Amino acid sequence: MKSVRPEPPPAHHAIRAAIAAIPQGRVANYGEIARRAGLPGRARLVGTVLREAPSALGLPWYRVLRADGRIAFPPGSKAFREQVRHLAGEGVLVRGGRVDLAVHGWERDVDHLLWGPPAQTGKRKSARAES
DNA sequence: CTATTGACAATTG
DNA sequence: CCAATTGCCAATA
């Protein structure tokens with residue numbers, strides 16, 4: 001007979017795979033994951049799936065951040081601290097509960113790849129003096 | 001069945 | 001920077 005446990009819908013599986021595909025030391029936002037999973041615009045679905053996803057799967061949930069690179073949990077929360085700790089262990093620096101997507105973003109802008117990664121520490125508005 | 005919610009995103013003021 | 005608004009759609013009540 002059918003398993004008592006409801007099988008995970010394809011959408012959930014795709015989302016999990018997308019999350020598991022995030023390289024170590026990098027972070028991705030919900031919209032990005034949804035797009036990778038073939039579900040453009042379903043960023044909230046990613047959150048729902050992650051929430052329901054059992055930790056036994058070993059999904060790098062801590063590599064998933066908001067579109068602005070901010071932690072998806074309220075600051076000071078337990079999950080928040082744990083996420084920050086995990087990211088720190090991966091080599092990702094978190095400042096003010098926020099991560100520089102321009103530095104650790106998974107699919108950051110192509111321009112940065114061509115011009116080289118910007119400095120992460122002391123990132124001020126450096127004037128670009130290229131001609 | 002309808003209403004509300006949500007680990008979101010983007011825009012506007 | 002913050003607040004409010006709209007779009008999105010599955011899961012839950």
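Here the structure is a predicted model, which means the values were calculated and not measured. Lettering of chains follows the sequences in order, A, B, ..., and the numbering in each one begins at 1.
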Fill in: Closest non-hydrogen atom pair between A/A21 and A/W106, with its separation
O-CZ2, 3.5 Å
Fill in: Pairwise side chain to side chain donor-acceptor pair (under 3.5 Å) hits with a residue in residues 76-86 of chain A, at least two apart
none
Discussion item. Once you apply a heavy-atom cut-off of 4.0 Å, does A/R63 come out as touching a base, just sugar-phosphate, or nothing?
Written reply: nothing
Worksheet item: How far apart are the C-alpha atoms of A/N29 and A/V64, what are their side-chain angles, what is the distance that settles it, and do they pass the side chain to side chain contact (heavy atoms under 4.5 Å, CB included) test?
Response: CA-CA 5 Å; A/N29 53 63; A/V64 185; over 6 Å; no
Using atom types as modelled, flag every donor-acceptor pair under 3.5 Å from a side chain in residues 38-51 of chain A to any protein atom, sequence neighbours excluded.
| residue | atom | partner | partner atom | Å |
| --- | --- | --- | --- | --- |
| A/R42 | NH1 | A/P40 | O | 2.9 |
| A/T48 | OG1 | A/R44 | O | 3.1 |

Discussion item. Which heavy atom of A/F80 sits nearest to which heavy atom of A/G97, and what is that distance?
Written reply: CZ-CA, 3.6 Å
Item to complete: Pull out every residue in residues 70-79 of chain A that has a heavy atom closer than 4.0 Å to any atom of DNA chain B, ordered by number, or say none.
Response: A/A72, A/F73
Worksheet, complete the sentence: A/R36 meets the salt bridge (charged side-chain N to carboxylate O under 4.0 Å, His left out) criterion, sequence neighbours left out, with A/E107
Side-chain donor-acceptor pairs of residues 11-19 of chain A under 3.5 Å, sequence neighbours excluded:
none

Worksheet item: What one-letter contact string describes nucleotides 6-13 of chain C from 5' to 3', where B marks a base within less than 4.0 Å of any protein heavy atom, S marks contact via sugar-phosphate atoms alone, and - marks no contact?
Response: -BBSSSS-
Worksheet item: Which atom names give the shortest non-hydrogen contact between A/A28 and A/I22, and what distance separates them?
Response: CB-CD1, 3.9 Å
Worksheet item: On DNA chain B, which is the earliest and which the latest nucleotide, 5' to 3', with an atom closer than 4.0 Å to a heavy atom of chain A?
Response: B/dG6 to B/dA10
Item to complete: Only pairs at least two apart or in different chains count here, so list each side chain to side chain donor-acceptor pair (under 3.5 Å) that has a residue in residues 52-68 of chain A.
Response: A/R63-A/E90
Fill in: Any side-chain heavy-atom pair of A/L93 and A/V99 under 4.5 Å
no
